[in-house]
Asks: 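Can you keep this structure in mind? I'll have questions shortly.
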Amino acid sequence: MLQTTKKEDPMSKKERTAIEPTRAENYAEWYQQVIRAADLAENSEVRGCMVIKPWGYAIWENIQRFLDEMFRETGHRNAYFPIFIPKSYFEKEAEHVEGFAKECAVVTHSKLEDDGKGGLKPAGELTEPYIVRPTSETIIGASFAKWVNSYRDLPLLINQWANIVRWEMRTRLFLRTTEFLWQEGHTVHESQAEAMDETLKMLDIYARFAQDYLAIPVIKGEKTEGEKFPGAVNTYCIEAMMQDKKALQSGTSHFLGQNFAQASNIRFQNREGEFQHAWTTSWGVSTRLIGALIMAHSDDNGLVLPPKIAPSHIAIIPIYRDEAEHAAVMALAKSINEAFKHTEFEGVRVYTELDDRDLTSSERNWYWIKKGIPLRVEIGPRDVASNSVMVARRDQGSREKRSVAVESVVEHCLQTLSAMQLNILEQALLFREANTVKIDGKDAFYAFFTPKNSQQPEIHGGFALSHWCGGSACEEKIKEDLKVTVRCIPFDSEPEQGKCVCCGQPSERRVIFAKSY
RNA sequence: CGGGAUGUAGCGCAGUCCGGUUAGCGCGCUCGGUUCGGGACCGAGAAGUCGGAGGUUCAAAUCCUCUCAUCCCGACCA
């Protein structure tokens, strides 16, 4: 009889990972598995829509809380507008219609009737169909037109937290779903300059939020004509690099000029007593940020969360064999758990999870590793004896643990949380820098973005800083050949003479090319 | 909407080509016990309209027709 041994060929031996496949093996599948393992969300019965589960929703609530505070500080106030937009409102801005028409859910009836076959059929057809908002410029514009009469009413700074619907063909949890949650700011200004200032100020806030809270370094820049928001004059964005070296647009801010003011008739009497159209802006971030968070930091053992955005910070895991040990260990675990009450780091309140479930200690450990909790505090009989505990950080190897004396455990953990926040940002920044290269010449450019194995493309490419003539023909050509687009024209790019990487025509500056989500 | 594939227990799958016991397996779940400092083990158990409707047949997860849904690849996107 054949004896099969557990011993593997030492060459192929590798540490077991909590997530399979690994990032290197199949990044797209890894992403799905991280979400499942961390229990963030799941696909619902409704096509293209997700159910956001408590651990995932708590992340969104933290995003909301911190951003909302920043909006308030800059003078914005929250309001709420209808989810339904009359079709006629929507039609007012031509480019806007063109951009969104293909992905709108339309409400045409107001009730259901017995269809005579044991089912129901829509009845009470509406005289005018409603569109479920894909964005709210037009419906908010209708209100703004009434609210704004004088330069004294300006600036008008409004934000709305809402759900929106965009009927997408292909969906991925958090990155692109039919319904998603977001925040949309809408502001009205007296002058072009003031509206532009506002547009850029909010982009700054997004960039700061991404770096300081999500620990995701972002590049601020302007979208090309082809990539901008339908109806906007200029669209600005923050772009982040994911671990598969693709770009993820993580937030946008639009200078709308007077386009929507004209469409919605937002007029005011200026200081000279003349009527003029106002200048408007809009800006938003969405639950997509959670997708960014996952793909920027997580590893082959599951989610990694920057402490400031984590729903909970410390898992306390008692380890014991019998009742006597259980009692002793739990006494210490509870007192430590208690000691964290009302503590904070970086202005963020600390939450703990005392996990006393009837599972093996390693099972409980891995549970929290996969959920991305920043710190794990293990407390066993040996710790009770030595009046210390073992502390493990999620941003380090799963076996790396450190013994910490009980009296200093709170201080140690709080300091470590702060340190982790910076370390995670630093790691993401190093990754992006290592994968951002200046590329000149068409051959080098094409080589950079072409996988070595076309059957099963490996993780390749990155951000290419290359010259572009500014022509949409070149942009299209590159998109067609390589699925690579101009992610943005970065603000910090220095003017520099060069040749377009596609057509060789003179170019004034480098832009960021990348594959994107 | 075009091209490809798949629907069998909570999840992942085998069985379908070539119809024939009571539809299996792994994980998970429940109960009991031994365990517990890196994903434990033993024993027992529960759980399935085989996506749906119709047909062929003595007999259908298996063959035929229709239908619904999902996934992947394209066109679109925060």
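The structure displayed is predicted, hence computed values, not measured ones. Below, chain A is the first sequence line, B the second, and so on; all start at residue 1.
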Asks: Could you check whether A:F180 and the base of B:A78 form a stacked pair, meaning centres closer than 5.5 Å and planes differing by less than 30°?
Replies: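 Yes, A:F180 stacks on the base of B:A78, since the ring centres sit under 5.5 Å apart and the planes are within 30°.
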
Asks: Checking base pairs now: Watson-Crick or wobble, both atom distances under 3.5 Å. What partners B:A5?
Replies: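 With both distances under 3.5 Å, B:A5 matches B:U70.
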
Asks: Relative to A:Y517, does A:R288 satisfy both conditions: NZ or CZ under 6.0 angstrom from the six-membered ring centre, and within 45 degrees of the ring's axis?
Replies: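 A:R288 over A:Y517 ring: no.
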
Asks: Using a cut-off of 4.0 Å on non-hydrogen atoms, how would the nucleic acid contact of A:G380 be classed: base, sugar-phosphate, or nothing?
Replies: base

Asks: Mind checking who B:A46 pairs with, Watson-Crick or G-U wobble, both distances under 3.5 Å?
Replies: none

Asks: Expressed in whole Å, how much space separates the P atoms belonging to B:G26 and B:G45?
Replies: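 These two P atoms come out 14 Å apart once rounded.
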
Asks: Which whole number of Å gives the distance between the C1' atom of B:C29 and that of B:G48?
Replies: 15 Å

Asks: On RNA chain B, nearest-nucleotide positions of A:L248 versus A:R172: which is more 5'?
Replies: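 The answer here is A:R172.
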
Asks: Round to the nearest Å and state the distance from A:F174 atom CZ to B:A78 atom P.
Replies: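 The answer, rounded to whole Å, is 19 Å.
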
Asks: Assess whether a salt bridge exists between A:D300 and A:R23, defined as any Lys/Arg side-chain N lying under 4.0 Å from an Asp/Glu carboxylate O.
Replies: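 Counted as a salt bridge, because a side-chain N and a carboxylate O are separated by less than 4.0 Å.
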
Asks: When you measure from every atom of RNA chain B, which of residues 317-334 of chain A have a heavy atom less than 4.0 Å away?
Replies: A:I319, A:Y320, A:R321

Asks: Are any non-hydrogen side-chain atoms of A:H96 and A:N259 less than 4.5 angstrom apart?
Replies: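 They are not in side-chain contact.
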
Asks: I'd like to check A:K223 versus A:R487 (side-chain heavy atoms, cut-off strictly below 4.5 Å). Are they in contact?
Replies: yes

Asks: How many whole angstroms separate atom CZ of A:R393 from atom P of B:G38?
Replies: 22 Å

Asks: Toward the 5' end of RNA chain B, which comes first, A:Y517 or A:D358, by nearest nucleotide?
Replies: A:D358

Asks: Pairing check on B:C25: which nucleotide meets the Watson-Crick or G-U wobble criteria with it, both distances under 3.5 Å?
Replies: B:G12

Asks: Quick one: does A:K483 reach the base of B:G74 with a side-chain donor-acceptor pair under 3.5 Å?
Replies: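 Under the 3.5 Å cut-off, the side chain and the base do not form any donor-acceptor pair.
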
Asks: Any salt bridge between A:D204 and A:K220, counting N to O under 4.0 Å?
Replies: yes

Asks: Just the rounded figure in Å: distance from C1' of B:A78 to CD1 of A:I63.
Replies: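 From A:I63 CD1 to B:A78 C1': 13 Å.
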
Asks: Is any side-chain heavy atom of A:F81 closer than 4.5 Å to one of A:S136?
Replies: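 No, every pair of side-chain atoms sits at 4.5 Å or beyond.
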
Asks: Have a look at A:I238 and say if it touches a base, only the backbone sugar-phosphate, or nothing, with a 4.0 Å heavy-atom cut-off.
Replies: nothing

Asks: Is the shortest side-chain N/O distance from A:S361 to OP1 or OP2 of B:C36 below 4.0 Å?
Replies: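 Negative; the distance criterion is not met.
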
Asks: Pick the C1' atom in B:C25 and in B:C64, then give their distance to the nearest Å.
Replies: 30 Å

Asks: Using the C1' atoms only, state how far B:G2 lies from B:G19, rounded to an integer number of Å.
Replies: 35 Å

Asks: For the residue pair A:T281 and A:E198, confirm or rule out a side-chain donor-acceptor distance under 3.5 Å.
Replies: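 There is no such pair (donor and acceptor under 3.5 Å, judged by atom type) between the side chains of A:T281 and A:E198.
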
Asks: Could you measure between the two C1' atoms, the one in B:A59 and the one in B:C63, and give it in whole Å?
Replies: 13 Å

Asks: A:T177 near the nucleic acid: base, sugar-phosphate alone, or nothing, with a heavy-atom cut-off under 4.0 Å?
Replies: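 The residue A:T177 makes base contact.
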
Asks: Using a 4.0 Å heavy-atom cut-off, does A:E103 contact any base of the nucleic acid, only the sugar-phosphate backbone, or nothing at all?
Replies: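 Sugar-phosphate, no base atom in range.
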
Asks: Of the nucleotides B:A78, B:G38, B:G39, which has the atom closest to the A:R288 side chain?
Replies: B:A78

Asks: Please determine, for B:G20, whether a Watson-Crick or G-U wobble partner exists with both distances under 3.5 Å, and give it or none.
Replies: B:C58

Asks: Test ring pair (Phe, Tyr, Trp, His ring centres under 6.0 Å) on A:W283 and A:F71; report intermediate values, then the result.
Replies: CA-CA 11 Å; A:W283 26 274; A:F71 296 157; 5.2 Å; yes

Asks: Rounding to a whole Å, what distance do you find between A:K370:NZ and B:C11:C1'?
Replies: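 After rounding, the gap between these two atoms is 13 Å.
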
Asks: Starting at CD of A:E378 and ending at P of B:G39, how long is that distance when rounded to a whole Å?
Replies: 12 Å

Asks: Indicate yes or no: at least one non-hydrogen side-chain atom of A:V218 is less than 4.5 angstrom from one of A:Q211.
Replies: yes

Asks: Could you check whether atom OH of A:Y130 has more than 12 heavy atoms from other residues, nucleotides or ligands sitting under 6.0 Å from it?
Replies: no

Asks: Can you check whether A:I319 reaches A:R382 side chain to side chain, under 4.5 Å on heavy atoms?
Replies: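 No, too far: nothing below the 4.5 Å cut-off.
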
Asks: Atom NZ of A:K228 and atom P of B:A78: how far apart are they, to the nearest Å?
Replies: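 Between P of B:A78 and NZ of A:K228: 13 Å.
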
Asks: Please determine, for the side chain of A:R376, which listed nucleotide (B:G38, B:C11, B:G37) has the closest atom?
Replies: B:G38

Asks: How long is the line joining CD of A:E42 and P of B:U70, in whole Å?
Replies: 16 Å

Asks: Of the nucleotides B:A78, B:G38, B:U35, which has the atom closest to the A:T360 side chain?
Replies: B:U35

Asks: How would you label the contact of A:D383 with the nucleic acid (heavy atoms, under 4.0 Å): base, sugar-phosphate, or nothing?
Replies: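 Since a base atom lies under 4.0 Å of A:D383, the category is base.
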
Asks: According to the Watson-Crick and G-U wobble definitions, with both distances under 3.5 Å, which nucleotide is paired to B:C41?
Replies: B:G33

Asks: Look through every strand shown and name the nucleotide pairing with B:C76 as Watson-Crick or G-U wobble, where both distances are under 3.5 Å.
Replies: none

Asks: Distance between the C1' atoms of B:G32 and B:U49, in whole angstroms?
Replies: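 Comparing C1' positions in B:G32 and B:U49 gives a spacing of 33 Å.
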
Asks: So, is A:S362 close to the B:C36 phosphate, meaning a side-chain N or O under 4.0 Å from OP1 or OP2?
Replies: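 For A:S362, the contact criterion (side-chain N or O under 4.0 Å from OP1 or OP2 of B:C36) is not met.
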
Asks: Can you measure A:E168 atom CD to B:C72 atom P for me and round it to whole angstrom units?
Replies: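 The answer, rounded to whole Å, is 14 Å.
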
Asks: For the P atoms, the ones on B:G55 and on B:C72, what distance do you get once it is rounded to whole angstrom?
Replies: 36 Å

Asks: Is any side-chain nitrogen or oxygen of A:K102 closer than 4.0 Å to OP1 or OP2 of B:C1?
Replies: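 No, no such contact exists.
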
Asks: Quote, to the nearest angstrom, the C1' distance that separates B:C50 from B:U16.
Replies: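 Straight-line distance between the two C1' atoms is 11 Å.
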
Asks: Is there a donor and acceptor pair, one atom on the side chain of A:N365 and one on the base of B:G37, closer than 3.5 Å?
Replies: no

